[in-house]
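Note: hydrogens, waters and symmetry copies are ignored here, and every other heavy atom, side chains too, is used. We're numbering straight along the sequence, starting at 1. Both counts, for ligands and for their atoms, begin at 1 and track the order of listing. Because the structure is predicted, anything quoted here is derived from the model rather than measured.
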Amino acid sequence: MEPIFLTPYFRPKIWGGRKLQTIFNYDIPAGKVGEAWIISGYKDDASLVNQGPLKGQTLRQVYHEHPDLFGNPKEKEFPLLVKFLDANDNLSVQVHPDDEYARKVENDSGKTESWYVLQADPDSYLIYGHTAKTRDELADMIHRGRWDKLLRKVPVKAGDFFYVPAGTIHALTKGIMVIETQQSSDVTYRLCDYDRVNEKTGKQRELHTQKSIDVTTVPHVDPAIDIKVTNEQGATIKILVEPPLSPHFYLWQIDLDGQWQTSLNGHPYLLVSVIEGEGQLQVGDQTYKLKVGTNFIIPNRMKDFSFIGKMKIVMSAPTKQN
Ligand code: ZN
């Protein structure tokens, strides 16, 4: 019984930067990357197990072939997706559909996502929500390109947390780096891409104006985020979001200092990413080295384990409604 350590699947993006190589020391080609899918079971873009008896398999394969490691879940595919995003330029202004719309129109899951901000340049902001009061007003402002009036800009700094339910217009902007925890889905509707041209194809990326108008929540409502903080020996635990506000995942950010002995606490399995510092994971008499950029899953049968060291981690678990 071992934790499932994962190597990311890297996705180049036209807005990507080079921080993933320098911060996490990932062995990837020099150049702009943009997205590291650090815990992914998504289609052909799954992360790879990098040690132990399952080494070389994709998380997707492991999920299909060893359902017992995940508590024999009902969901046919691994339900969550965790990424590092390095925005070296503005991302397209976008919105994602909910499950009902995505299953009907795209044969994929909907996408509710969340961002825990790792770095932000001074005076950074991101786009979150909109000002339209009716769907007609939304459509009118989109068709006329009145982005300055339509889009809400929110200041952002390291340590901030944003919950982005399906239907929320959003965009990361230049100079922001986040760890994104979301439903496993790749359905994105672009409202605006700043007229950018792909260097390889010479074309602009497709916009999805009508679908964006259809799936956007109108008027925008800010989710009632209320981060609770608890202290256990060796750990300060922030509950960033949980059901019922978040129907798809639990999400925690934990500051470790010393030794924190814990367990699955009733969750079928846990997704863990080290975002700062280094230390160890101890399971019985086995010790595993952890450092910034390490990602793993604590499987269903692993009962008790300890984190040791001085680290920050982001941890998530699926909910049963997935
Ligand atoms: Zn998005």
Quick one: does D160's side chain have a donor or acceptor within less than 3.5 Å of a partner on K157's backbone?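 Yes; judged by distance alone, with no hydrogens or angles, the pair exists.
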Can an N, O or S atom be found in E113 less than 2.8 Å away from the Zn ion (ligand 1)?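 Looking at E113, which is the residue asked about, there is an N, O or S atom under 2.8 Å from the Zn ion (ligand 1).
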Q94 backbone or side-chain N/O/S under 2.8 Å from the Zn ion (ligand 1):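 It does; at least one qualifying atom falls short of 2.8 Å.
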Which N, O or S atom name in H170 marks its closest approach to the Zn ion (ligand 1)?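 Minimum-distance N/O/S atom of H170 relative to the Zn ion (ligand 1) is NE2.
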Will you find, in the side chains of D304 and S263, an N or O donor that is under 3.5 Å from an N or O acceptor?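 Judged by distance alone, the side chains do not pair up.
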Side chains of H96 and E113, heavy atoms from C-beta outward: is any pair under 4.5 Å?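 Yes, close enough: below the 4.5 Å cut-off.
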Between F296 and F5, does the ring pair (Phe, Tyr, Trp, His ring centres under 6.0 Å) criterion hold? Intermediate values first, please. CA-CA 4 Å; F296 56 99; F5 286 94; 5.0 Å; yes
